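See structure below.
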Amino acid sequence: MPLDLHNSLTRRKDRFEPLRAGRVGLYVCGPTVCDEATITDARKVVVFDLLHRLLLRLYPQVTCIRAVPDLAMPGPSHPAHEAGHQDLDALGILRPDREPHASEHTDQTIALIQALVDAGHGYAAAGHVLFSVASIPRYGQLSRRPRGDAEGQVRSEAISFKRDPADFVLWKPGTDGRPGWPSPWGFGQPGWDVACSALSHHHLGPTFDIHAGTVDELFPHHENQLAIGRCVHDGALPARVWLHSGLVTLPDDVPPTVGQLFRKGWDAEVIRLTLLSAHYRQPLMFGTDGLTQARATLDRWYTALRHANLAAGGARPAPDQAPDALVFPTLAALEDDLNTPLALSHLHELAGQLNKAGTVAEQTRLAAALAAAGNLLGLLRHQADTWFKTGLQNAAIETRIAERTAARRAGNFAEADRIRQDLAAAGIGLEDMAGTTTWKRT
RNA sequence: GGCGCGGUGGCAGAGUGGUGAUGCAGCGGACUGCAAAUCCGCGUACGGCGGUUCGAUUCCGCCCCGUGCCUCCA
């Protein structure tokens, strides 16, 4: 089962081959969970979590590193980090193998800067250390940006000690109030780009498989990491595949953080599905309409699963027993550059088949397959009945339903409808099945 | 201005050089005490103008619109 990924370096979809057979290193770059997670952060994290899960399924040994660039507010115990973690865990994110903090790798970062200086790629000037883009043959390879464009030169006058306007900061002198560290070049702090390079180098080595981030980081951040990486490994690329996820547009009707969405009552799976409803490289409009539609979609799938449970006398679907052939189309869609919209269409296909299934055995197979396919995406992790009943006063509702059932049996439909209406007003919808009545929040 | 990315039916959103996914909404039907759920059926969608081609939504050029980056900031 081949995996194809769109590589920003080649600007094509390429067949993925691990550098070392069976072992994959994944580095997720950029600002993550330094504060309460924003929707934009969440998209990146969810998308590359999906990739992480997929890699785990395809390769025996996967190392996922998610960098935390906390130079501005150092320390893994920063309270904001924990809040971010809680939200991300709730979204069903697999914890990366390590989440190195830039603030805890300043020794490695300084060593890396020193190595660059020693090799003639970095130079000190006015308390800074700068990377000399002229010292490598192909700066700009990733972003394909023409060198020396007019405006860049104008802006660079502010830092006139640069040898080349495109040179970027490896170390900068300390400023009052900001965290800093001692170094051979004085007290100060590392540039963001080298810090990330040091993290990936330290945890995954000089060359690893996949470097992932958002498009807005492509230039200059990733370009600079690429340049640094080349210098410490004889010109070889630090990562073979560079992935970029698209940005999120937030309409005014939606709060900017995941935590706020939770507080407004949006379920984690609804948020996750909304984030996966567009292909990861496409721009995503994250609005209430999208959330509403995602919830309707999950309701449809959970309804199918619930009916199958009922038919099977309460048995839950067993995703691990799903026939491979039924799950395969979903997996294949994900292996094709994480084509989540296509994968989701396969879930709909499974749900449709499940709804039409004639026998309990068939329903069991299809329910297992639907759950398994959903799990590939980190979805459908709840028990179906729970999905519809979360947070509600079950006992009281069951009593009312029993009263209504009695009324129906007695032919007192006026009373039955009154109870239905009462419950509907309380946000409870009733569903009369063959021999029983189920309910759900609406 | 430079370098990118995108514009698909009412909405969301894949995909493809030639039988036009999928979901939501809508319309018609089946089922139902009513309803819900479900099932069946229904839609001449590919920003504009040219070009290549037997044939383009899909390839090329130009234009329009939207959006991202253009540096040391996390």
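Each chain gets a letter, A, B and so on, in the order its sequence line appears, and its residues count up from 1. All values reported here derive from a predicted model rather than from experimental measurement.
Applying the 4.0 Å criterion to OP1 and OP2 of B:rC39, one finds that A:Asn355 has a side-chain N or O inside that range. One finds no side-chain N or O of A:Asn224 lying less than 4.0 angstrom from the OP1 or OP2 phosphate oxygen of B:rU71.
Of the options A:Asp193, A:Thr109, A:Val194, a side-chain contact (heavy atoms from CB on, under 4.5 Å) to A:Leu170 is made by A:Val194 and by none of the others. Checked options A:Gln108, A:Arg98, A:Glu99; the residue passing with A:His203 is A:Arg98 (criterion: side chain to side chain donor-acceptor pair (under 3.5 Å)). With A:Val117 as reference, A:Val129 is the one residue of A:Leu130, A:Val129, A:Leu112 to meet the side-chain contact (heavy atoms from CB on, under 4.5 Å) rule.
If you take CG of A:Leu170 and P of B:rU71, they are 18 Å apart, rounded to a whole angstrom. Atom P of nucleotide B:rC3 and atom CG of A:Leu142 are separated by 17 Å, given to the nearest angstrom. One can place CD of A:Glu223 at 20 Å from P of B:rG2, the figure rounded to the nearest angstrom. The distance between atom CZ of A:Phe388 and atom P of B:rA37, rounded to the nearest whole Å, is 10 Å. Rounding to whole angstrom units, CG of residue A:Asp289 and P of B:rC11 are separated by 12 Å. One can place CG of A:Leu273 at 12 Å from C1' of B:rG13, the figure rounded to the nearest angstrom.
Near RNA chain B, meaning a heavy atom under 4.0 Å away, the residues from residues 276-283 of chain A are A:Ser277, A:Ala278, A:His279, A:Gln282. Residues from residues 239-251 of chain A lying near RNA chain B, meaning a heavy-atom separation below 4.0 Å, are A:Leu247 in numerical order.
Formation of a donor-acceptor pair under 3.5 Å by the A:Arg404 side chain with backbone atoms of A:Ala416 is found in this model.
The salt bridge (Lys or Arg N to Asp or Glu O under 4.0 Å) check on A:Arg300 picks up nothing, with sequence neighbours excluded.
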message: Run the side-chain contact (heavy atoms from CB on, under 4.5 Å) test on A:Trp171 and A:Trp181 for me, step by step, so that the C-alpha distance in whole Å, both residues' side-chain angles and the decisive distance to 0.1 Å come before the verdict.
response: CA-CA 10 Å; A:Trp171 186 267; A:Trp181 293 263; 4.2 Å; yes

message: If you apply the rule side chain to side chain donor-acceptor pair (under 3.5 Å), what do you find for A:Asp289 with A:Thr292, and how did you get there?
response: CA-CA 5 Å; A:Asp289 288 351; A:Thr292 304; 5.3 Å; no

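Under the 4.0 Å criterion applied to side-chain N and carboxylate O atoms, A:Arg281 and A:Asp337 are assigned as salt-bridge partners. Taking 4.0 Å as the cut-off between side-chain N and carboxylate O, A:Lys44 and A:Asp216 do not count as a salt-bridged pair.
A:Ser143 comes within 4.0 angstrom of the backbone, heavy atoms only, and of no base.
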Please output the side-chain donor-acceptor pairs of residues 118-125 of chain A that fall under 3.5 Å, not counting sequence neighbours, one pair per line with the distance.
{"unit_1": "A:His121", "atom_1": "ND1", "unit_2": "A:Ser135", "atom_2": "OG", "d": "2.7"}
{"unit_1": "A:Tyr123", "atom_1": "OH", "unit_2": "A:Arg163", "atom_2": "N", "d": "2.7"}
{"unit_1": "A:Tyr123", "atom_1": "OH", "unit_2": "A:Asp167", "atom_2": "OD2", "d": "2.6"}

Nucleic acid footprint by protein, nucleotides 21-35 of chain B - heavy-atom cut-off 4.0 Å, B for base, S for sugar-phosphate alone: BSBS--------BBB

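Stem analysis of RNA chain B (Watson-Crick or G-U pairs, both distances under 3.5 Å, runs of at least three) returns B:1-7 with B:64-70, B:10-12 with B:22-24, B:26-30 with B:38-42, B:47-51 with B:59-63.
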